[in-house]
A.B. asks: 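Structure below; questions to follow.
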Amino acid sequence: MKVLVPVKRVLDYNVKPRVKADGTGVDLANVKMSMNPFDEIAIEEAVRLKEKGAASEVVVVTIGVPKAETDILLTARAMGADRAILIATDDEVEPLAVAKLLAKVAQEEQPGLIILGKQAIDDDANQTGQMLAALLGWAQGTFASKVEVNGERVSVTREVDGGLETVDLKLPAIVTTDLRLNEPRYATLPNIMKAKSKPVAKKTIADYGVDVAPRLKTLKVVEPGKRQAGVKVGSVDELVERLKGLGVAK
Ligand code: AMP
């Protein structure tokens with residue numbers, strides 16, 4: 001069984017985002033970019049399935065800038081992916097268009113399982129996996145904290161409000177990863193060196209004949225409001241009095 005893992009290049013999670021002066025978006029010039037952390041978890045899971053003998057090949061795909069070939073797609077191959085597909089574009093692509101492109105890749109590659117991150121930490125959309133499942137007509141197990149492949153089926157334990165839910169899906173299926181699914185391995189230097197010889201297929205959006213015209217318009221991006229400075233109170237009684245003043249306590 002082949003496993004397909006879509007990965008997105010995002011602002012590194014350690015970087016504090018700066019909003020552009022004209023309010024049109026986040027400034028990405030000269031800042032560190034990395035693989036979306038949930039996608040590292042997705043690769044780790046796919047590689048573990050291969051190590052267990054449940055998967056035969058791990059293919060990663062990204063829709064993004066050409067530079068992705070030498071950063072996130074290299075990391076992905078160093079972590080254990082066998083090959084990569086780069087669908088190069090300098091434009092931002094919305095989740096629906098990403099899902100349409102991934103559906104085309106799935107039709108070509110015929111994977112048994114597609115493992116995505118539950119969300120990309122840049123726009124927190126949490127849409128692509130669900131839309132992809134709908135477009136392909138496949139079953140989906142989202143927010144996975146455990147994945148077990150049993151023959152023609154996959155059992156996915158999901159983190160839901162108030163507990164865990166386990167769903168049993170027929171393959172081919174879509175899984176999206178939650179934080180507790182696994183702890184991704186590091187891409188070591190020797191593996192990064194070896195990964196350079198693993199193939200990357202270079203494509204463009206035009207190769208897939210998909211309409212990626214934006215459906216959404218960003219009106220304005222603003223910095224979060226600054227927090228007001230706190231006040232130290234002398235006693236519990238004073239705290240209660242102040243809370244009463246705010247209408248919080250009675
Ligand atoms: P989102 O729906 O944007 O929050 O993204 C959810 C997941 O979809 C990500 O964790 C990736 O696995 C995948 N994804 C989103 N955008 C892209 C992209 N441009 N290229 C490849 N995979 C993507």
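Side chains are part of it too, since the values below use all heavy atoms of this structure and drop only hydrogens, waters and symmetry mates. Order of appearance sets the numbers: ligands from 1, and atoms from 1 within every ligand.
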A.B. asks: If you count the non-hydrogen atoms of other residues, nucleotides and ligands that lie under 6.0 Å from CD in Glu92, is the total more than 12?
C.D. replies: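 Not buried by this count: 12 neighbours or fewer within 6.0 Å.
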A.B. asks: Any side-chain hydrogen bond (donor to acceptor under 3.5 Å, both in side chains) pairs touching residues 127-138, not counting sequence neighbours?
C.D. replies: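 Those involving residues 127-138 are Asn126-Gln130.
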A.B. asks: For Thr62, take its heavy atoms, then give the atoms of ligand 1 lying under 4.0 Å from any of them.
C.D. replies: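 The atoms of ligand 1 under 4.0 Å from a heavy atom of Thr62 are 20 (N), 21 (C).
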A.B. asks: Can you name the closest pair of heavy atoms from Leu181 and Ile41 and give their distance?
C.D. replies: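 Nearest pair, atom of Leu181 first, then Ile41: CB-CG2, 3.8 Å.
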A.B. asks: Is any side-chain heavy atom of Ile87 closer than 4.5 Å to a side-chain heavy atom of Thr62?
C.D. replies: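 They are not in side-chain contact.
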A.B. asks: Which protein heavy atom lies closest to atom 7 (C) of ligand 1, and at what distance to 0.1 Å?
C.D. replies: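 Scanning the protein heavy atoms, the shortest distance from atom 7 (C) of ligand 1 goes to Gly117 O, 3.3 Å.
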A.B. asks: So does Lys220 get a backbone contact from the side chain of Thr218, meaning a donor-acceptor N/O pair under 3.5 Å?
C.D. replies: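 Looks like no, no N/O pair under 3.5 Å.
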A.B. asks: Using a 6.0 Å cut-off, check whether atom NZ of Lys2 has over 12 heavy atoms from anything other than its own residue.
C.D. replies: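 Enclosed.
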A.B. asks: Which ligand 1 atoms does Asn126 reach within 4.0 Å, using its non-hydrogen atoms?
C.D. replies: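 Under 4.0 Å from Asn126, ligand 1 has these atoms: 1 (P), 2 (O), 4 (O).
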A.B. asks: Give the atoms of ligand 1, by number and element, whose distance to some non-hydrogen atom of Leu116 is under 4.0 Å.
C.D. replies: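 Per the distance check, 8 (O), 12 (O), 13 (C).
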A.B. asks: Which residue from Leu132, Val10, Val98 reaches closest to atom 14 (N) of ligand 1 through any of its heavy atoms?
C.D. replies: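 The residue whose heavy atom sits nearest atom 14 (N) of ligand 1 is Val98.
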A.B. asks: Is it possible for you to say whether Val3 and Val149 belong to one hydrophobic cluster, with membership spreading through side-chain heavy-atom contacts below 4.5 Å?
C.D. replies: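 Same cluster.
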A.B. asks: For Asp123, state whether at least one heavy atom is located under 4.0 Å from any atom of ligand 1.
C.D. replies: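 Flag set, Asp123 near ligand 1.
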A.B. asks: To which protein heavy atom is atom 16 (N) of ligand 1 closest, and what is the distance rounded to 0.1 Å?
C.D. replies: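 Going by distance alone, atom 16 (N) of ligand 1 is nearest to Lys8 CD, 3.3 Å.
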A.B. asks: At under 4.0 Å between heavy atoms, is it the side chain or the backbone of Asp39 that contacts ligand 1, or both, or neither?
C.D. replies: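 Answer for Asp39: side chain.
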A.B. asks: If we only count N/O pairs under 3.5 Å, is Pro6 in contact with ligand 1?
C.D. replies: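 Checking ligand 1 against Pro6, an N or O pair does fall under 3.5 Å apart.
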A.B. asks: Is it the side chain, the backbone, both or neither of Val7 that has a heavy atom closer than 4.0 Å to ligand 1?
C.D. replies: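 Backbone only.
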A.B. asks: My understanding is that we take every heavy atom of each candidate and find the minimum distance to atom 1 (P) of ligand 1. Doing that for Leu86, Val61, Leu101, Thr128, which one comes out nearest?
C.D. replies: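 Going through Leu86, Val61, Leu101, Thr128 one by one, Thr128 has the nearest heavy atom to atom 1 (P) of ligand 1.
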A.B. asks: Got an N/O contact under 3.5 Å between Gln127 and ligand 1?
C.D. replies: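 Between Gln127 and ligand 1, an N or O pair is found under 3.5 Å apart.
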A.B. asks: Looking only at protein heavy atoms, which one is nearest to atom 18 (C) of ligand 1, and how far off is it?
C.D. replies: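 The closest one turns out to be Ile63 O, 3.7 Å.
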A.B. asks: List ligand 1 atoms under 4.0 Å from Ala120, heavy atoms only on the residue side.
C.D. replies: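 It comes down to these atoms of ligand 1: 1 (P), 3 (O), 4 (O), 5 (O), 6 (C).
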A.B. asks: Quick one: does any side-chain atom of Arg215 pair with a main-chain N or O of Ala213 as donor and acceptor, under 3.5 Å?
C.D. replies: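 Answer holds: yes.
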A.B. asks: Taking 4.0 angstrom as the limit and counting only heavy atoms of Ala125, give me the atoms of ligand 1 inside it, by number and element.
C.D. replies: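 Those qualifying, in numeric order: 1 (P), 2 (O), 3 (O), 4 (O).
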A.B. asks: Among pairs that include at least one residue of residues 185-209, which meet salt bridge (Lys or Arg N to Asp or Glu O under 4.0 Å), considering only residues two or more places apart or in two chains?
C.D. replies: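 Residue pairs with at least one partner in residues 185-209: Glu44-Arg185, Glu51-Arg185, Glu69-Lys202.
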A.B. asks: Using the side chain to side chain contact (heavy atoms under 4.5 Å, CB included) definition, which of the options Val105, Val212, Leu101 pairs with Ile63?
C.D. replies: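 Only one option passes, and that is Leu101.
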A.B. asks: Taking both backbone and side-chain atoms of Asn36, is any N or O found less than 3.5 Å from an N or O belonging to ligand 1?
C.D. replies: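 Min N/O separation from ligand 1 is below 3.5 Å for Asn36.
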